[in-house]
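Everything on this sheet refers to the single structure shown next.
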There are 4 protein chains.
Amino acid sequence: MHPFTHHSPNERSILEPAARIFALRGYAGTSMDEIARAAGVNKATIYYRIGNKARVYERVLVGYFCHIAEVLEQRLHAVPIPRDRARILVETLAAIFAEHGDMPPLLLHELASGGEHLSPDVLAGIARVLQTSLTTLSALPMVQQGGVSPLLAHLMIIGSLFFTSLSGSVAMRLAANIPQGTEKDVSLELMKDLLLELFVDRDVPSRKED
Amino acid sequence: MHPFTHHSPNERSILEPAARIFALRGYAGTSMDEIARAAGVNKATIYYRIGNKARVYERVLVGYFCHIAEVLEQRLHAVPIPRDRARILVETLAAIFAEHGDMPPLLLHELASGGEHLSPDVLAGIARVLQTSLTTLSALPMVQQGGVSPLLAHLMIIGSLFFTSLSGSVAMRLAANIPQGTEKDVSLELMKDLLLELFVDRDVPSRKED
Amino acid sequence: MHPFTHHSPNERSILEPAARIFALRGYAGTSMDEIARAAGVNKATIYYRIGNKARVYERVLVGYFCHIAEVLEQRLHAVPIPRDRARILVETLAAIFAEHGDMPPLLLHELASGGEHLSPDVLAGIARVLQTSLTTLSALPMVQQGGVSPLLAHLMIIGSLFFTSLSGSVAMRLAANIPQGTEKDVSLELMKDLLLELFVDRDVPSRKED
Amino acid sequence: MHPFTHHSPNERSILEPAARIFALRGYAGTSMDEIARAAGVNKATIYYRIGNKARVYERVLVGYFCHIAEVLEQRLHAVPIPRDRARILVETLAAIFAEHGDMPPLLLHELASGGEHLSPDVLAGIARVLQTSLTTLSALPMVQQGGVSPLLAHLMIIGSLFFTSLSGSVAMRLAANIPQGTEKDVSLELMKDLLLELFVDRDVPSRKED
DNA sequence: CATGAATGAGATTTCATTCAT
DNA sequence: CATGAATGAAATCTCATTCAT
């Protein structure tokens, strides 16, 4: 399944390369020329088909968030056991970010901008994902009895996965600078396992003292 | 202590507003006009004092990373006990991000861009912080005996703190969209406590089964 | 025939006024604004059609040198007698400079700059003209038996014609300063006749003594 | 003797490097920064000592033309025989251009610009040189009986020497493009000899027929 | 006497957008 | 339905010049 499944092929052929470039350079750093070149269409065609730089960006974001929401909702549908649901949540997010490496940087750019370009549609998509995540996490023992805020847990999960996904490119640049050979195989897979261990598989935490 | 302590007052008066704007809009989204206006100087003065846009950006990044590295190193200096050191690490990072709210978005923009604009000086600053963090985390029981990768722990800590710091602005935009009243007081303070609980205060994790 | 015959009308409408201004003010002294104004198009249109200032300049130079080369080659084609060929060479150059008064100053600016801006295409054009001139002059009796270097002859012919063409504007400024009434009708026509007399019509020179 | 002998050492230390740069890049292509750097003084010092970009340029031109005029007048002083005088004229000009390679390009830039920047002082210098040259050439047999215009002869001499002096830099760029090995040792020396032969040593020309 | 600092004006170039076809 | 052509606005950067010290 792809993020832009709901759009016409005409739009998809523009939105997919656009997403790649927006992810790499952010909204301001992306030019319509570059999108047109990557999409293999005339620049005016983008205006004809979609309308606007802001609209292209919005469609990409909406597509991404709706995709995440849909996949999450589909996989969580009819799964009753809290720990199973949480496991699916984390695994699904990790899998989506692994498959669509553009999502983390794109969303991070937006987040870092304070959500300047977020249209109501995009906010709705974000809310949908957030809602699913929060309700799923709220049912966890760790939250129910452990006193962990579900929003904090959500932020940790998303933040950890995003950073892991992004660490690759910068890590390589750092490689020459870091003396000792730290592990290079930092991957979403490993982070996913750590998150599962910390939030899902583990029993309600027992503090060091007490 | 301030991030641009090592620079001349002349440079500081430019770098500080520049950092604010870069954080908000990213490198590409920031114009020299805006920086000049915010700094209260003529645009050409920026070129005279610093050189060009890329150099302004670089100085800001170097200033930020060196500040983090210095504060960390100073506070960790002569603290021998691993758990104390880790606690200081997390608390210091949380405090710095709380005081300098511009850092997380600025660094996130850069990270999301794949570190395209990272000069050797900036990379050196990053490496310095990373090194401190990794060696500190490596001494934790959870890492030593719990099998948790220090790099994963580092990414979780940074990622969680960054996301928490950023969540404020977007959360407000979401407020209207999210029906139920989720906690609004998500703060670095709370996230810091959760991180301490998960990584520092807790004993070596005991899996659910076995 | 015109220098920019090979270009599209769109390009010609830019290159022709550009040539005029480059000739008057040189490369550095010419602004894109001025070219745009003279061409009656928006400044961005020049970038759309041609690319950048250096390319505009290059096209002008290439157009000029190719024009000279083509006219020379066409008029010399199938003329076997050396003296006839040389006469045609001088007359053609004089005629071209007379018709296109912009050429000498433009080329002089470039020459004075040491050919800094000369692209391979322009150099090829220059070489083509030079080749034609040198082979033509080499066949002259004065060169064959008189021991005059064909390159020196070429330089004298070009230099004399260029200076004559340029003398007009400065001469007028000098007019007030020069007391006696020197001839005002210094023209390419007269210089051409003198060159023909010195290099073409005359027999192999007999030195004063011997 | 040097072109800027009449100026104070303070001015000379600026005018000499300025002349070099003006010669290379022309008036518009030369920046005050570059002059200051080459002169090893602060940019404001140029304004303090001389006053103005236009004034710097003017002083350089005046210096050059006065130098030529002075040397010519000094060497021609009390030389009565026309042929001797003409020989001295040509030899002196060739020697000056050979010694001060910057003169031809600088004067050519100015000439190509139509004398836009020529102040009255500079025009007076030019007139002085021109006067000397014309009166000297007017006495030649070739002019007196040969019907050659002294102004044409002047233009040929100056034009030929200038072009010869400039040909070096462009010739090297052409070297790769010109197939056959044309002589490389085109020098002012050779051109001077040719000019002497054509205008001075030779008897009044006898046309080919008649 | 000299200069570091500053700047208004203007240079080249890019870019989102429009429009006639 | 699509696009080549065009452009106003704004971006980065340069430069001749001034001025306080």
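Chain naming here is simple, since letters A, B, ... match the order of the sequence lines and numbering starts at 1 in each.
- From the 5' end on, the contacts that DNA chain E makes with chain C at under 4.0 Å to a non-hydrogen atom open and close at dA11(E) to dC15(E).
- Put simply, CD on E34(D) is 13 Å from P on dT14(F), counting in whole angstrom units.
- Residues passing the side chain to side chain contact (heavy atoms under 4.5 Å, CB included) test with A18(C) are F22(C), I35(C), V56(C), V60(C), sequence neighbours excluded.
- Evaluation of the side chain to side chain contact (heavy atoms under 4.5 Å, CB included) rule for R20(B) yields P17(B), A38(B), D102(B) as partners, not counting sequence neighbours.
- Residues H67(D) and H2(D) have side chains that never bring a donor and an acceptor to within less than 3.5 angstrom of each other.
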Expected rows: protein N/O vs nucleotides 10-12 of chain F N/O, under 3.5 Å:
unit_1  : atom_1 : unit_2 : atom_2 : d
dT12(F) : OP1    : T30(B) : O      : 3.2
dT12(F) : OP1    : K53(B) : NZ     : 2.9
dT12(F) : OP2    : M32(B) : N      : 2.8

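- Within the 4.5 Å cutoff, side-chain heavy atoms of I68(D) are placed close to those of M103(D).
- Using a 4.5 Å heavy-atom threshold, the side chains of Y27(B) and H109(B) count as separate.
- Between R25(B) and S113(A), every side-chain heavy-atom pair lies at or beyond the 4.5 Å cut-off.
- Two residues are said to be in side-chain contact when any heavy atoms from C-beta on lie closer than 4.5 Å; I50(B) and L15(B) meet this criterion.
- With DNA chain F read from its 5' end, the first of the two nearest nucleotides for Y48(A) and A54(D) is the one closest to Y48(A).
- Remark on DNA chain E: of its neighbouring residues T45(B) and G29(A), the 5'-side contact belongs to T45(B), judged by nearest-heavy-atom nucleotide.
- Side-chain contact, Y57(D) with E110(D): a donor N or O sits under 3.5 Å from an acceptor N or O.
- Taking A36(D) as the reference, K43(D), I46(D) meet the side chain to side chain contact (heavy atoms under 4.5 Å, CB included) condition, with sequence neighbours excluded.
- Remark: DNA chain E takes part in the stems E:2-21 with F:2-21, each of 3 or more antiparallel Watson-Crick or G-U pairs, criterion distances under 3.5 Å.
- With respect to the salt-bridge test (charged N to carboxylate O, under 4.0 angstrom), the residues E11(B) and R49(B) do not qualify.
- The interatomic distance linking N42(B) (CG) with dA16(F) (C1') rounds to 14 Å, in whole Å.
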